[in-house]
Student: 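First the structure, then my questions, so here it is.
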Amino acid sequence: MAHVLGARPNFVKAAPVIAAHNREQRLIHTGQHYDERMSEVFFRELGLPEPDVNLGVGSGSHAAQTAAIMVALEKEFIERSPELVMVYGDVNSTIAAALVAAKLHIPVAHVEAGLRSFDMTMPEEVNRRLVDQLSNLLFVTSPEAVGHLAAEGVDVDRVHFVGNPMIDTLLAHLDSFDTEAVRAAHGLPERYIVATLHRPANVDDPQVAAGLVKRLHEIADLADVVMPVHPRGRRVLTEAGLDDHPRVTLLEPLGYVDFVAVVRGAVAAVTDSGGVQEETTILGVPCLTLRPNTERPITITHGTNRLVTPDGLVPAVEQVLASPAGEHEVPPLWDGKAGPRIARITESWLNG
């Protein structure tokens, strides 16, 4: 069995799945995230085995990056002939692996299948829709995903509602998320809002990015803002003057434990990240998602998440600061046991 990983969210989702399997496994790191803080540190913190191979593709346009991964994976799969290729999420590594495996007649299992934003301007939406059509096993994290797949003609016998392996990882490390230690290590204030932005719609256009920086500065007038700056968008955001406000603290990309500790200690999160929407749902941190849609609506119905526009961001922050999050439901099967469920189903399928 081969696991193909390329970016931070893949590592967090894969760790409990890999740990739950007993058969021979091969870990392939595409190198899509090549910054040490965005990659290797996650392997160390999550207890993942060292990758058997690192393709080292690095950055590039969607076409160039996907093509480079496909060429390297084709060679790997032909030489190794895995019995199953396990892919995660919706990044370029995911679609590249699914395409190569399907054309070589190697079965594909997709962890986090069926999520839909219904926004085809998002590259992730293109990736996840295509991967689901190519997959033999589809593991979904929330009930509505089953309906999405059925509506697209996917055989429901291939679909399995297993819960969310990202939450397995979070719950397993809960005692490690030391807010006081990370606050001291990075000189953070007692009360702050954490912000993360990396989606192309938010950071690729300098004019859009400048507008968001203006909003973040307005938020910083209300409360300190702490922002680990993702490599994507760093230049545009800093050129727009992101760090010109005295109450904005910029951090380098953080490892998994430190990042979640920062989120855990925040009074609110402002983000465009899918993973942060999920993590805040479990941590009980109010989350304001700067997007017109989300492929994770269960974080709104059962979590602390709200969709906001740039113009609505500051009023939403004011509301959160005036009334912190109360009680909320935990989504079904987000109980820390998704990895073992995936392993049991996979083993049964392979042995069948």
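Worth saying up front: this structure is predicted, and the values here are computed from it rather than measured.
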Student: Taking all non-hydrogen atoms of both residues into account, name the closest pair between Leu307 and Pro292 and its distance.
Tutor: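 Shortest heavy-atom contact: CD1-O, 3.9 Å.
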Student: Does a sphere of radius 6.0 Å around CZ in Arg23 hold more than 12 heavy atoms from other residues, nucleotides or ligands, not counting ones at 6.0 Å or beyond?
Tutor: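 Result for CZ/Arg23: enclosed.
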Student: Any Lys/Arg nitrogen of Arg183 or Asp178 sitting under 4.0 Å from an Asp/Glu carboxylate oxygen of the other?
Tutor: no
Student: For Asp243, give me all partners under side-chain hydrogen bond (donor to acceptor under 3.5 Å, both in side chains), at least two apart in sequence or on another chain.
Tutor: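 Not a single residue meets the side-chain hydrogen bond (donor to acceptor under 3.5 Å, both in side chains) criterion with Asp243.
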Student: Between Met70 and Leu99, which heavy-atom pair has the shortest distance, and what is it?
Tutor: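 The answer is CE-CB, 4.0 Å.
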Student: Can you pull the side chain to side chain donor-acceptor pair (under 3.5 Å) pairs that have at least one residue in residues 129-139, sequence neighbours excluded?
Tutor: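 Qualifying pairs: His110-Asp132, Arg116-Asp132, Glu125-Arg129.
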Student: Between Ser273 and Gly275 (side chain of the first, backbone of the second, donor and acceptor by atom type, cut-off under 3.5 Å), is there such a pair?
Tutor: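 Yes, the answer is positive, given that a donor and an acceptor are paired below the 3.5 Å cut-off.
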Student: Can you name the side-chain hydrogen bond (donor to acceptor under 3.5 Å, both in side chains) partners of Thr169, sequence neighbours left out?
Tutor: none
Student: Strictly below 4.0 Å, N to O, side chains only: are Glu79 and Arg26 in salt-bridge contact?
Tutor: no
Student: Any link between Val330 and Ile300 through a network of hydrophobic side chains (Ile, Leu, Val, Met, Phe, Trp, Tyr) touching at under 4.5 Å?
Tutor: no
Student: Return yes when atom CG of Asp155 has more than 12 non-hydrogen atoms of other residues, nucleotides or ligands closer than 6.0 Å, and no otherwise.
Tutor: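 Check passes, neighbour count above 12.
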Student: Step by step, would you call Val320 with Val267 a side chain to side chain contact (heavy atoms under 4.5 Å, CB included)?
Tutor: CA-CA 8 Å; Val320 166; Val267 294; 5.8 Å; no
Student: Given Ser93, which of Thr66, Thr30, Asn10 fulfils the side-chain hydrogen bond (donor to acceptor under 3.5 Å, both in side chains) condition?
Tutor: Thr30
Student: Quick check against the 3.5 Å criterion: does His217 have a side-chain atom that pairs as donor or acceptor with the backbone of Gly241?
Tutor: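 Yes.
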Student: Considering non-hydrogen atoms only, spot the tightest contact between Met86 and Phe139 and give its length.
Tutor: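 Distance-wise, the nearest heavy atoms are SD-CE1, 4.3 Å.
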Student: Answer with yes or no whether the side chains of Thr94 and Asn127 bring together a donor and an acceptor at under 3.5 Å.
Tutor: no
Student: Could you check whether Arg341 pairs with Asp335 (Lys NZ or Arg NE/NH1/NH2 to Asp/Glu carboxylate O, under 4.0 Å)?
Tutor: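 Answer for the salt bridge query: yes.
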Student: So, Thr238 side chain and Arg235 main chain: donor-acceptor pair closer than 3.5 Å or not?
Tutor: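 A pair under 3.5 Å: yes.
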Student: CZ/Arg247 to CG/Asp224 distance, rounded to the nearest 0.5 angstrom?
Tutor: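 Output value for this atom pair is 4.5 Å.
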Student: Kindly compute the distance separating CD (Glu318) from OG (Ser323), expressed to the nearest 0.5 Å.
Tutor: 11.5 Å
Student: Is it true that a side-chain atom of Thr289 and a backbone atom of Arg291 form a donor plus acceptor pair closer than 3.5 Å?
Tutor: no
Student: Strictly below 4.0 Å, N to O, side chains only: are Glu252 and Arg234 in salt-bridge contact?
Tutor: yes
Student: List the steps, then state whether side chain to side chain contact (heavy atoms under 4.5 Å, CB included) holds for His148 with Arg128.
Tutor: CA-CA 12 Å; His148 297 330; Arg128 64 174 74 101; over 6 Å; no
Student: Give, for atom CD1 of Ile95 and atom CD1 of Ile69, the distance between the pair rounded to the nearest 0.5 Å.
Tutor: 11.0 Å
Student: Give me the ring orientation class for His29 and Phe11: parallel if the planes are under 30° apart, tilted from 30 to 60°, perpendicular past 60°.
Tutor: perpendicular
Student: Quick one: CD on Gln65 to CG on Asn92, what's the gap to the nearest 0.5 Å?
Tutor: 5.0 Å
Student: Hey, is the main chain of Gly163 close enough, under 3.5 Å, to the side chain of Thr141 for a donor-acceptor pair?
Tutor: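 No; zero donor-acceptor contacts below 3.5 Å.
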Student: Report the distance from atom OG1 of Thr281 to atom CZ of Arg296, rounding to the nearest 0.5 Å.
Tutor: 10.0 Å
Student: Is Arg199 salt-bridged to Glu124, cutoff N-O under 4.0 Å?
Tutor: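 Salt bridge between Arg199 and Glu124, a charged N being under 4.0 Å from a carboxylate O: yes.
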Student: Determine which pairs satisfy ring pair (Phe, Tyr, Trp, His ring centres under 6.0 Å) with at least one residue from residues 178-205, sequence neighbours left out, and list them in order.
Tutor: His198-His230
Student: Do Asn202 side-chain atoms and Leu290 backbone N/O form a donor-acceptor pair below 3.5 Å?
Tutor: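 Present.
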Student: Would Thr271 and Val263 satisfy side chain to side chain contact (heavy atoms under 4.5 Å, CB included), going step by step from the backbone distance to the final call?
Tutor: CA-CA 11 Å; Thr271 191; Val263 173; over 6 Å; no
Student: Any donor and acceptor pair, going by atom type alone, linking the side chain of Asp168 with main-chain N or O of Gly339 inside 3.5 Å?
Tutor: yes
Student: Which Ile, Leu, Val, Met, Phe, Trp or Tyr residues join Val71 in one cluster when any pair of side-chain heavy atoms under 4.5 Å counts as a link?
Tutor: none
Student: Identify the heavy atoms of Leu73 and Ala96 that sit nearest to each other, and give their distance.
Tutor: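 That would be CD1-C, 4.3 Å.
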Student: Shortest non-hydrogen contact from Ala209 to Leu237?
Tutor: CB-CD2, 4.1 Å
Student: Under 4.5 Å side-chain heavy-atom separation, chaining through any Ile, Leu, Val, Met, Phe, Trp or Tyr, what else clusters with Leu333? Say none if it is isolated.
Tutor: Leu138, Val140, Val146, Leu149, Val154, Val159, Phe161
Student: Tell me whether Leu170 is reachable from Val111 by hopping between hydrophobic residues (I, L, V, M, F, W, Y) whose side-chain heavy atoms are closer than 4.5 Å.
Tutor: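 Yes, it is one cluster - the side chains of Val111 and Leu170 are joined through contacts under 4.5 Å.
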Student: Which atoms form the tightest heavy-atom contact between Val87 and Ala97, and what is the distance?
Tutor: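 Heavy atoms of Val87 and Ala97 come nearest at CG1-CB, 3.6 Å.
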Student: Could you go through the side chain to side chain contact (heavy atoms under 4.5 Å, CB included) check for Leu313 and Leu212 one step at a time?
Tutor: CA-CA 9 Å; Leu313 179 59; Leu212 290 178; 5.6 Å; no
Student: Examine distances only and state if a side-chain atom of Trp334 and a backbone atom of Met166 form a donor-acceptor pair shorter than 3.5 Å.
Tutor: no
Student: For the aromatic rings, using the six-membered ring if either is Trp, is the centroid distance between Tyr256 and Phe177 under 6.0 Å?
Tutor: yes
Student: Please check this pair: side chain of Ser348 against backbone of Arg344, looking for a donor-acceptor N/O pair closer than 3.5 Å.
Tutor: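 Looks like no, no N/O pair under 3.5 Å.
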Student: Once you round to the nearest 0.5 Å, how far does CZ of Arg80 lie from CD1 of Ile78?
Tutor: 13.5 Å
Student: Does Leu350 offer a backbone N or O that forms a donor-acceptor pair with the side chain of Glu83 under 3.5 Å?
Tutor: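 Side chain of Glu83 to backbone of Leu350: no pair is present.
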